[in-house]
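Lettering follows sequence order; numbering is per chain, from 1.
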Amino acid sequence: MNTDKFLDAKGLACPMPIVRTKKAMDELSSGQVLEVHATDKGAKNDITAWVQSGGHELLKQEEENDVLKFWIQKG
Amino acid sequence: MTVHVMTPEEVTKKVINKEELFILDVRNESDFQDWKIEGANFQYLNVPYFELLDGVEEILSKFPADKDILVVCAKEGSSVMVAEMLSEAGLTVSYLQGGMKAWSEYLEPVKVADLKDGGELYQFVRIGKGCLSYMIISNGEAAIIDATRMADVYVDFAESKKAVVTHVFDTHLHADHISGGRMIAEKTKATYWLPPKDAEEVVFSYEPLEDGNEVMVGRTPIRIHAMYSPGHTIGSTSFVVDDQFLMTGDILFIDSIGRPDLAGKAEDWVGDLRETLYTRYKELSEELVVLPAHFMIIDELNEDGSVSEKLGVLYAKNHGLNVADEAAFRKLVTENLPPQPNAYQEIRKTNMGKTTPDTEQQREMEIGPNRCAVR
(Lines give C-alpha, C1' and ligand atoms only; values in the text may rest on other atoms or scores of the structure.)
Protein backbone atom coordinates (compact mmCIF):
# COMPACT_ATOMS: atom_id res chain seq x y z
CA MET A 1 0.00 0.00 0.00
CA ASN A 2 1.14 3.50 -0.77
CA THR A 3 2.30 5.17 2.43
CA ASP A 4 3.17 8.85 2.82
CA LYS A 5 4.49 8.65 6.34
CA PHE A 6 5.58 5.86 8.70
CA LEU A 7 5.29 5.92 12.48
CA ASP A 8 7.01 3.34 14.68
CA ALA A 9 5.10 3.25 17.96
CA LYS A 10 6.34 -0.21 18.98
CA GLY A 11 7.10 -0.57 22.69
CA LEU A 12 5.12 2.54 23.59
CA ALA A 13 2.40 2.22 26.22
CA CYS A 14 -1.01 3.84 26.11
CA PRO A 15 -1.63 6.77 25.53
CA MET A 16 1.59 7.35 23.54
CA PRO A 17 0.72 5.36 20.38
CA ILE A 18 -2.32 7.59 19.83
CA VAL A 19 -0.57 10.80 20.92
CA ARG A 20 2.17 10.13 18.35
CA THR A 21 -0.33 9.04 15.71
CA LYS A 22 -2.26 12.26 16.13
CA LYS A 23 0.93 14.34 15.85
CA ALA A 24 1.97 12.52 12.70
CA MET A 25 -1.48 12.95 11.18
CA ASP A 26 -1.39 16.68 11.91
CA GLU A 27 1.61 16.90 9.58
CA LEU A 28 -0.18 15.20 6.70
CA SER A 29 -2.67 16.72 4.32
CA SER A 30 -6.07 15.33 3.43
CA GLY A 31 -5.93 12.06 1.44
CA GLN A 32 -2.40 11.12 2.53
CA VAL A 33 -1.77 7.80 4.28
CA LEU A 34 0.01 7.15 7.58
CA GLU A 35 1.30 3.68 8.44
CA VAL A 36 1.55 2.97 12.18
CA HIS A 37 3.13 0.00 13.92
CA ALA A 38 2.31 -0.54 17.60
CA THR A 39 2.62 -3.30 20.18
CA ASP A 40 0.26 -1.99 22.88
CA LYS A 41 -2.80 -4.26 22.58
CA GLY A 42 -5.17 -1.46 23.54
CA ALA A 43 -4.12 0.39 20.38
CA LYS A 44 -6.24 -1.92 18.25
CA ASN A 45 -9.59 -0.69 19.55
CA ASP A 46 -8.43 2.80 20.44
CA ILE A 47 -6.87 3.70 17.09
CA THR A 48 -9.92 2.30 15.31
CA ALA A 49 -12.25 4.43 17.44
CA TRP A 50 -10.01 7.50 17.22
CA VAL A 51 -9.84 7.26 13.43
CA GLN A 52 -13.63 7.23 13.24
CA SER A 53 -14.16 10.10 15.67
CA GLY A 54 -11.51 12.15 13.87
CA GLY A 55 -13.14 11.75 10.47
CA HIS A 56 -10.25 9.73 9.03
CA GLU A 57 -10.40 6.33 7.39
CA LEU A 58 -8.76 3.11 8.45
CA LEU A 59 -7.80 1.58 5.09
CA LYS A 60 -6.26 -1.58 6.47
CA GLN A 61 -5.32 -3.20 9.76
CA GLU A 62 -3.29 -6.34 10.28
CA GLU A 63 -1.37 -8.18 12.95
CA GLU A 64 2.01 -9.81 12.54
CA ASN A 65 4.03 -11.35 15.38
CA ASP A 66 2.34 -9.21 18.03
CA VAL A 67 2.88 -6.05 15.97
CA LEU A 68 -0.34 -4.20 15.15
CA LYS A 69 -0.20 -2.39 11.80
CA PHE A 70 -2.54 0.38 10.73
CA TRP A 71 -2.92 2.31 7.49
CA ILE A 72 -4.85 5.51 8.10
CA GLN A 73 -5.96 7.95 5.42
CA LYS A 74 -6.34 11.51 6.58
CA GLY A 75 -9.86 12.89 6.24
CA MET B 1 -3.68 21.93 41.56
CA THR B 2 -2.01 18.64 42.22
CA VAL B 3 -2.92 15.27 40.84
CA HIS B 4 -3.65 12.63 43.47
CA VAL B 5 -3.48 8.86 43.25
CA MET B 6 -6.35 6.69 44.43
CA THR B 7 -5.64 3.01 45.06
CA PRO B 8 -8.10 0.21 44.25
CA GLU B 9 -8.32 -0.35 48.01
CA GLU B 10 -9.47 3.25 48.57
CA VAL B 11 -12.04 2.99 45.79
CA THR B 12 -13.28 -0.29 47.30
CA LYS B 13 -13.89 1.48 50.64
CA LYS B 14 -15.99 4.04 48.78
CA VAL B 15 -18.01 1.27 47.16
CA ILE B 16 -18.63 -0.50 50.47
CA ASN B 17 -19.46 2.72 52.34
CA LYS B 18 -21.70 3.87 49.46
CA GLU B 19 -19.79 7.14 49.20
CA GLU B 20 -20.14 9.55 46.32
CA LEU B 21 -17.57 9.67 43.55
CA PHE B 22 -17.48 11.18 40.09
CA ILE B 23 -15.69 8.88 37.64
CA LEU B 24 -14.30 10.14 34.37
CA ASP B 25 -13.65 6.94 32.45
CA VAL B 26 -11.35 7.67 29.50
CA ARG B 27 -11.44 4.21 27.90
CA ASN B 28 -13.24 3.80 24.61
CA GLU B 29 -17.01 3.59 24.68
CA SER B 30 -17.38 -0.15 24.09
CA ASP B 31 -14.95 -1.04 26.90
CA PHE B 32 -16.82 1.30 29.24
CA GLN B 33 -20.21 -0.14 28.29
CA ASP B 34 -18.90 -3.67 28.77
CA TRP B 35 -17.41 -3.20 32.23
CA LYS B 36 -16.86 -0.34 34.67
CA ILE B 37 -16.36 0.47 38.35
CA GLU B 38 -19.74 0.08 40.00
CA GLY B 39 -20.86 2.00 43.08
CA ALA B 40 -24.31 2.81 44.46
CA ASN B 41 -23.56 6.54 44.50
CA PHE B 42 -21.03 6.83 41.71
CA GLN B 43 -21.63 9.11 38.75
CA TYR B 44 -19.99 8.59 35.39
CA LEU B 45 -18.71 10.46 32.42
CA ASN B 46 -17.17 8.47 29.57
CA VAL B 47 -14.98 10.42 27.19
CA PRO B 48 -12.17 8.48 25.48
CA TYR B 49 -8.71 9.94 26.17
CA PHE B 50 -8.05 10.19 22.43
CA GLU B 51 -10.81 12.74 22.14
CA LEU B 52 -9.11 14.93 24.74
CA LEU B 53 -5.70 15.25 23.09
CA ASP B 54 -6.42 18.82 22.04
CA GLY B 55 -7.58 19.83 25.50
CA VAL B 56 -10.16 19.26 28.20
CA GLU B 57 -11.96 22.63 27.95
CA GLU B 58 -15.05 21.11 26.39
CA ILE B 59 -15.74 18.78 29.32
CA LEU B 60 -14.82 21.12 32.20
CA SER B 61 -18.43 22.20 32.73
CA LYS B 62 -19.52 18.60 33.26
CA PHE B 63 -17.74 18.11 36.58
CA PRO B 64 -19.63 18.68 39.84
CA ALA B 65 -17.92 21.09 42.23
CA ASP B 66 -18.70 19.11 45.36
CA LYS B 67 -17.54 15.58 44.51
CA ASP B 68 -14.24 13.77 44.40
CA ILE B 69 -13.20 13.17 40.80
CA LEU B 70 -11.46 9.98 39.72
CA VAL B 71 -10.01 9.49 36.27
CA VAL B 72 -9.92 5.85 35.14
CA CYS B 73 -8.41 4.07 32.15
CA ALA B 74 -7.33 0.56 31.24
CA LYS B 75 -3.77 0.58 32.55
CA GLU B 76 -3.21 4.00 34.17
CA GLY B 77 -1.20 5.80 31.48
CA SER B 78 -4.02 7.70 29.79
CA SER B 79 -5.71 8.57 33.06
CA VAL B 80 -2.51 10.22 34.29
CA MET B 81 -2.35 12.30 31.12
CA VAL B 82 -5.99 13.40 31.38
CA ALA B 83 -5.74 13.99 35.15
CA GLU B 84 -2.77 16.29 34.58
CA MET B 85 -4.68 18.23 31.94
CA LEU B 86 -7.65 18.64 34.28
CA SER B 87 -5.34 19.68 37.08
CA GLU B 88 -3.75 22.34 34.89
CA ALA B 89 -7.25 23.58 34.15
CA GLY B 90 -7.76 24.10 37.88
CA LEU B 91 -9.55 20.94 39.05
CA THR B 92 -8.51 18.72 41.93
CA VAL B 93 -8.55 15.18 40.60
CA SER B 94 -7.18 11.71 41.23
CA TYR B 95 -6.35 8.88 38.89
CA LEU B 96 -6.85 5.18 39.62
CA GLN B 97 -3.54 3.51 40.40
CA GLY B 98 -2.96 0.70 37.92
CA GLY B 99 -6.20 1.40 36.05
CA MET B 100 -8.90 -1.23 35.43
CA LYS B 101 -6.17 -3.86 35.31
CA ALA B 102 -5.42 -3.28 38.99
CA TRP B 103 -9.12 -2.85 39.76
CA SER B 104 -9.80 -6.31 38.34
CA GLU B 105 -7.09 -7.84 40.52
CA TYR B 106 -7.83 -6.20 43.85
CA LEU B 107 -9.08 -8.49 46.62
CA GLU B 108 -10.74 -7.13 49.75
CA PRO B 109 -10.67 -9.60 52.66
CA VAL B 110 -13.87 -9.35 54.72
CA LYS B 111 -14.39 -11.37 57.87
CA VAL B 112 -17.65 -13.27 57.58
CA ALA B 113 -17.74 -15.01 60.95
CA ASP B 114 -16.02 -16.47 63.95
CA LEU B 115 -16.39 -20.23 63.80
CA LYS B 116 -17.41 -22.52 66.65
CA ASP B 117 -14.01 -23.62 67.84
CA GLY B 118 -12.20 -20.33 67.65
CA GLY B 119 -11.72 -20.40 63.89
CA GLU B 120 -12.38 -17.58 61.47
CA LEU B 121 -13.99 -17.40 58.04
CA TYR B 122 -12.95 -14.76 55.53
CA GLN B 123 -14.47 -13.87 52.21
CA PHE B 124 -12.12 -12.35 49.62
CA VAL B 125 -14.19 -9.97 47.53
CA ARG B 126 -12.76 -9.40 44.08
CA ILE B 127 -14.74 -6.23 43.79
CA GLY B 128 -13.90 -5.35 40.19
CA LYS B 129 -14.84 -8.71 38.73
CA GLY B 130 -17.39 -10.04 41.19
CA CYS B 131 -15.46 -13.17 42.18
CA LEU B 132 -15.69 -14.43 45.75
CA SER B 133 -13.21 -16.79 47.38
CA TYR B 134 -12.84 -18.01 50.93
CA MET B 135 -10.35 -18.79 53.66
CA ILE B 136 -11.13 -20.87 56.71
CA ILE B 137 -8.61 -20.49 59.51
CA SER B 138 -8.49 -22.69 62.59
CA ASN B 139 -5.72 -23.35 65.06
CA GLY B 140 -2.81 -22.52 62.83
CA GLU B 141 -4.22 -24.16 59.69
CA ALA B 142 -5.97 -22.63 56.71
CA ALA B 143 -8.12 -23.92 53.85
CA ILE B 144 -8.83 -21.86 50.72
CA ILE B 145 -11.83 -22.25 48.43
CA ASP B 146 -12.11 -20.96 44.83
CA ALA B 147 -8.92 -18.91 44.91
CA THR B 148 -8.26 -16.34 42.19
CA ARG B 149 -4.93 -16.29 40.37
CA MET B 150 -3.54 -13.68 42.82
CA ALA B 151 -2.06 -16.54 44.83
CA ASP B 152 0.28 -14.40 46.94
CA VAL B 153 -2.61 -12.48 48.49
CA TYR B 154 -3.93 -15.67 50.10
CA VAL B 155 -0.53 -17.05 51.04
CA ASP B 156 0.48 -13.73 52.65
CA PHE B 157 -2.86 -13.41 54.42
CA ALA B 158 -2.56 -16.90 55.90
CA GLU B 159 0.96 -16.07 57.01
CA SER B 160 -0.22 -12.85 58.69
CA LYS B 161 -2.66 -15.03 60.64
CA LYS B 162 0.18 -17.43 61.49
CA ALA B 163 -1.62 -20.23 59.67
CA VAL B 164 -0.26 -22.92 57.35
CA VAL B 165 -2.34 -23.58 54.24
CA THR B 166 -3.20 -27.29 54.34
CA HIS B 167 -6.10 -27.62 51.86
CA VAL B 168 -7.06 -25.83 48.67
CA PHE B 169 -10.40 -26.47 46.92
CA ASP B 170 -12.09 -25.46 43.72
CA THR B 171 -15.85 -26.05 43.73
CA HIS B 172 -15.67 -26.61 39.97
CA LEU B 173 -13.52 -25.99 36.91
CA HIS B 174 -13.87 -22.24 36.51
CA ALA B 175 -14.61 -20.64 33.14
CA ASP B 176 -14.64 -16.97 34.07
CA HIS B 177 -11.37 -16.61 35.95
CA ILE B 178 -8.05 -18.35 36.26
CA SER B 179 -7.81 -20.40 39.41
CA GLY B 180 -4.94 -19.79 41.81
CA GLY B 181 -5.61 -23.12 43.50
CA ARG B 182 -2.85 -25.12 41.90
CA MET B 183 -0.24 -22.39 42.42
CA ILE B 184 -1.15 -21.96 46.08
CA ALA B 185 -1.00 -25.71 46.60
CA GLU B 186 2.45 -25.82 44.97
CA LYS B 187 3.74 -22.91 47.09
CA THR B 188 2.40 -24.21 50.38
CA LYS B 189 2.52 -28.00 49.81
CA ALA B 190 -1.20 -28.05 50.54
CA THR B 191 -3.55 -30.68 49.12
CA TYR B 192 -5.40 -29.47 46.01
CA TRP B 193 -8.92 -30.85 45.68
CA LEU B 194 -10.95 -30.85 42.46
CA PRO B 195 -14.21 -32.58 41.53
CA PRO B 196 -13.02 -35.46 39.29
CA LYS B 197 -15.90 -35.10 36.80
CA ASP B 198 -14.68 -31.58 36.03
CA ALA B 199 -11.06 -32.63 36.02
CA GLU B 200 -11.04 -35.37 33.38
CA GLU B 201 -8.77 -33.35 31.13
CA VAL B 202 -6.46 -31.75 33.70
CA VAL B 203 -2.78 -32.47 33.22
CA PHE B 204 -1.62 -32.19 36.84
CA SER B 205 -2.25 -34.34 39.89
CA TYR B 206 -4.98 -33.47 42.38
CA GLU B 207 -7.01 -35.06 45.11
CA PRO B 208 -10.47 -36.13 43.84
CA LEU B 209 -13.26 -34.36 45.68
CA GLU B 210 -16.21 -36.72 46.08
CA ASP B 211 -19.66 -36.44 47.60
CA GLY B 212 -19.45 -36.97 51.34
CA ASN B 213 -15.74 -36.18 51.68
CA GLU B 214 -14.92 -34.51 54.96
CA VAL B 215 -11.83 -32.42 55.51
CA MET B 216 -10.73 -30.98 58.83
CA VAL B 217 -8.98 -27.66 59.28
CA GLY B 218 -7.08 -27.09 62.52
CA ARG B 219 -6.50 -29.19 65.59
CA THR B 220 -9.91 -28.45 67.02
CA PRO B 221 -11.35 -29.08 63.62
CA ILE B 222 -13.63 -27.07 61.40
CA ARG B 223 -15.51 -29.55 59.26
CA ILE B 224 -15.79 -29.06 55.51
CA HIS B 225 -18.40 -31.40 54.09
CA ALA B 226 -18.44 -31.83 50.31
CA MET B 227 -21.82 -32.13 48.61
CA TYR B 228 -22.13 -33.08 44.94
CA SER B 229 -24.31 -30.42 43.30
CA PRO B 230 -24.03 -30.57 39.50
CA GLY B 231 -25.59 -28.06 37.11
CA HIS B 232 -23.17 -25.23 36.34
CA THR B 233 -20.63 -27.91 35.51
CA ILE B 234 -21.12 -31.65 35.76
CA GLY B 235 -18.71 -31.86 38.71
CA SER B 236 -19.84 -28.78 40.66
CA THR B 237 -19.54 -29.45 44.37
CA SER B 238 -20.81 -27.42 47.32
CA PHE B 239 -19.42 -27.33 50.84
CA VAL B 240 -21.09 -27.18 54.20
CA VAL B 241 -18.62 -25.50 56.54
CA ASP B 242 -18.86 -25.76 60.31
CA ASP B 243 -22.53 -26.84 59.97
CA GLN B 244 -23.36 -23.15 59.44
CA PHE B 245 -22.31 -22.11 55.95
CA LEU B 246 -23.19 -23.42 52.49
CA MET B 247 -20.60 -22.59 49.84
CA THR B 248 -22.52 -22.91 46.60
CA GLY B 249 -19.78 -22.17 44.06
CA ASP B 250 -21.41 -21.10 40.79
CA ILE B 251 -24.66 -22.99 41.35
CA LEU B 252 -26.60 -20.53 43.50
CA PHE B 253 -25.97 -16.82 43.94
CA ILE B 254 -27.78 -14.20 46.01
CA ASP B 255 -29.95 -12.75 43.28
CA SER B 256 -29.43 -15.26 40.45
CA ILE B 257 -28.53 -18.86 39.69
CA GLY B 258 -25.68 -20.51 37.80
CA ARG B 259 -25.75 -20.85 34.03
CA PRO B 260 -25.33 -24.36 32.65
CA ASP B 261 -23.78 -23.55 29.28
CA LEU B 262 -20.13 -22.61 29.84
CA ALA B 263 -18.84 -26.11 29.19
CA GLY B 264 -21.04 -26.32 26.11
CA LYS B 265 -23.70 -28.60 27.55
CA ALA B 266 -26.61 -26.40 28.59
CA GLU B 267 -29.29 -28.84 27.45
CA ASP B 268 -27.72 -31.82 29.19
CA TRP B 269 -27.17 -30.05 32.50
CA VAL B 270 -30.46 -28.24 32.97
CA GLY B 271 -31.91 -31.28 34.74
CA ASP B 272 -28.93 -31.50 37.08
CA LEU B 273 -29.16 -27.79 37.86
CA ARG B 274 -32.85 -28.08 38.69
CA GLU B 275 -32.29 -31.20 40.80
CA THR B 276 -29.59 -29.44 42.82
CA LEU B 277 -31.52 -26.21 43.34
CA TYR B 278 -35.01 -27.63 43.82
CA THR B 279 -34.28 -30.91 45.61
CA ARG B 280 -30.77 -31.26 47.01
CA TYR B 281 -30.46 -27.78 48.54
CA LYS B 282 -34.08 -27.92 49.65
CA GLU B 283 -33.24 -30.78 51.99
CA LEU B 284 -30.73 -28.60 53.85
CA SER B 285 -31.42 -26.35 56.82
CA GLU B 286 -32.85 -22.99 55.82
CA GLU B 287 -30.61 -21.48 58.49
CA LEU B 288 -27.46 -22.24 56.49
CA VAL B 289 -25.78 -19.05 55.28
CA VAL B 290 -25.13 -19.21 51.54
CA LEU B 291 -21.67 -18.06 50.43
CA PRO B 292 -21.48 -18.03 46.61
CA ALA B 293 -18.44 -17.78 44.32
CA HIS B 294 -19.76 -14.61 42.63
CA PHE B 295 -21.84 -11.54 42.93
CA MET B 296 -23.34 -9.95 39.82
CA ILE B 297 -24.40 -6.50 40.91
CA ILE B 298 -23.14 -4.19 43.59
CA ASP B 299 -26.55 -4.26 45.36
CA GLU B 300 -25.73 -7.80 46.49
CA LEU B 301 -23.05 -6.50 48.86
CA ASN B 302 -24.02 -6.42 52.54
CA GLU B 303 -23.18 -3.34 54.60
CA ASP B 304 -19.78 -4.69 55.60
CA GLY B 305 -18.89 -5.49 51.98
CA SER B 306 -19.52 -9.23 52.32
CA VAL B 307 -21.88 -11.23 50.12
CA SER B 308 -24.08 -13.77 51.94
CA GLU B 309 -27.68 -14.62 52.77
CA LYS B 310 -29.59 -17.35 54.57
CA LEU B 311 -30.75 -20.22 52.35
CA GLY B 312 -34.33 -19.75 53.57
CA VAL B 313 -34.30 -16.12 52.45
CA LEU B 314 -33.03 -17.15 49.01
CA TYR B 315 -35.84 -19.69 48.68
CA ALA B 316 -38.26 -16.85 49.37
CA LYS B 317 -36.65 -14.16 47.23
CA ASN B 318 -34.37 -15.56 44.52
CA HIS B 319 -36.34 -15.73 41.27
CA GLY B 320 -34.29 -18.68 39.99
CA LEU B 321 -35.47 -20.81 42.94
CA ASN B 322 -39.11 -20.00 42.31
CA VAL B 323 -39.83 -21.21 38.81
CA ALA B 324 -42.42 -23.93 39.44
CA ASP B 325 -42.79 -25.01 35.83
CA GLU B 326 -39.95 -27.20 34.60
CA ALA B 327 -40.25 -26.08 30.98
CA ALA B 328 -40.16 -22.44 32.03
CA PHE B 329 -37.04 -23.18 34.08
CA ARG B 330 -35.39 -24.88 31.11
CA LYS B 331 -36.17 -21.83 29.03
CA LEU B 332 -34.81 -19.45 31.64
CA VAL B 333 -31.42 -21.11 31.84
CA THR B 334 -30.90 -21.99 28.18
CA GLU B 335 -32.39 -19.07 26.26
CA ASN B 336 -31.47 -15.39 26.22
CA LEU B 337 -28.35 -16.03 28.28
CA PRO B 338 -26.00 -13.11 28.88
CA PRO B 339 -22.83 -13.03 26.74
CA GLN B 340 -20.28 -15.62 27.76
CA PRO B 341 -17.30 -14.46 29.83
CA ASN B 342 -14.31 -13.13 27.90
CA ALA B 343 -12.01 -15.92 26.64
CA TYR B 344 -13.87 -18.52 28.69
CA GLN B 345 -12.64 -21.44 26.63
CA GLU B 346 -9.02 -20.35 26.97
CA ILE B 347 -9.59 -19.85 30.70
CA ARG B 348 -10.92 -23.40 31.04
CA LYS B 349 -7.87 -24.76 29.21
CA THR B 350 -5.58 -22.77 31.50
CA ASN B 351 -7.36 -24.14 34.56
CA MET B 352 -6.86 -27.65 33.19
CA GLY B 353 -3.14 -26.95 32.95
CA LYS B 354 -3.22 -27.47 29.16
CA THR B 355 -1.92 -23.98 28.46
CA THR B 356 0.29 -21.74 30.55
CA PRO B 357 -0.15 -18.12 29.44
CA ASP B 358 2.07 -15.49 31.06
CA THR B 359 0.70 -13.02 33.59
CA GLU B 360 -0.01 -10.34 30.99
CA GLN B 361 -1.94 -12.81 28.84
CA GLN B 362 -3.85 -14.03 31.90
CA ARG B 363 -4.86 -10.43 32.66
CA GLU B 364 -6.12 -9.95 29.12
CA MET B 365 -8.11 -13.19 29.28
CA GLU B 366 -9.85 -12.11 32.47
CA ILE B 367 -10.88 -8.64 31.27
CA GLY B 368 -14.49 -7.78 32.00
CA PRO B 369 -17.24 -8.94 34.34
CA ASN B 370 -17.73 -12.60 35.33
CA ARG B 371 -21.12 -13.38 33.71
CA CYS B 372 -21.68 -16.76 35.32
CA ALA B 373 -25.31 -16.28 36.23
CA VAL B 374 -28.83 -16.15 34.87
CA ARG B 375 -31.51 -14.07 36.53
d(A/Trp50 CH2, B/Leu53 CG) to nearest 0.5 Å is 8.0 Å
Among residues 59-69 of chain B, which residues come closer than 4.5 Å to chain A, judged by heavy atom distances?
none
NZ of B/Lys13: more than 12 outside heavy atoms within 6.0 angstrom?
yes
Rounded to the nearest 0.5 Å, how far apart are CG of A/Asp46 and CZ of B/Arg27?
10.5 Å
Regarding A/Lys22 and B/Asp54, does a basic nitrogen lie under 4.0 Å from an acidic carboxylate oxygen?
yes
Honestly, the part of A/Ala49 sitting under 4.5 Å from a heavy atom of chain B is both
B/Asp358 atom CG, over 12 foreign heavy atoms within 6.0 Å:
yes
Over 12 foreign heavy atoms within 6.0 Å of CD, B/Glu186
yes
Gap separating the NZ atom of B/Lys75 from the NZ atom of A/Lys41, nearest 0.5 angstrom
8.0 Å
Taking CZ in B/Arg363 as the centre, count heavy atoms belonging to other residues, nucleotides or ligands within less than 6.0 Å. Is the count above 12?
yes
Shortest non-hydrogen pair, A/Cys14 vs B/Ser78, comes out as SG-OG, 2.8 Å
Does atom CD of B/Glu29 have more than 12 heavy-atom neighbours from other groups under 6.0 Å away?
no
Is chain A contacted by the side chain of B/Glu76, its backbone, both, or neither, given a heavy-atom distance below 4.5 Å?
neither
With a sphere of 6.0 Å drawn around CE of B/Met365, does it hold more than 12 non-hydrogen atoms of other residues, nucleotides or ligands?
yes
Less than 4.5 Å apart, side chain to side chain, heavy atoms only: is that true for B/Tyr49 and A/Ile18?
yes
Under 4.5 Å from any heavy atom of chain B - which part of A/Asp26
neither
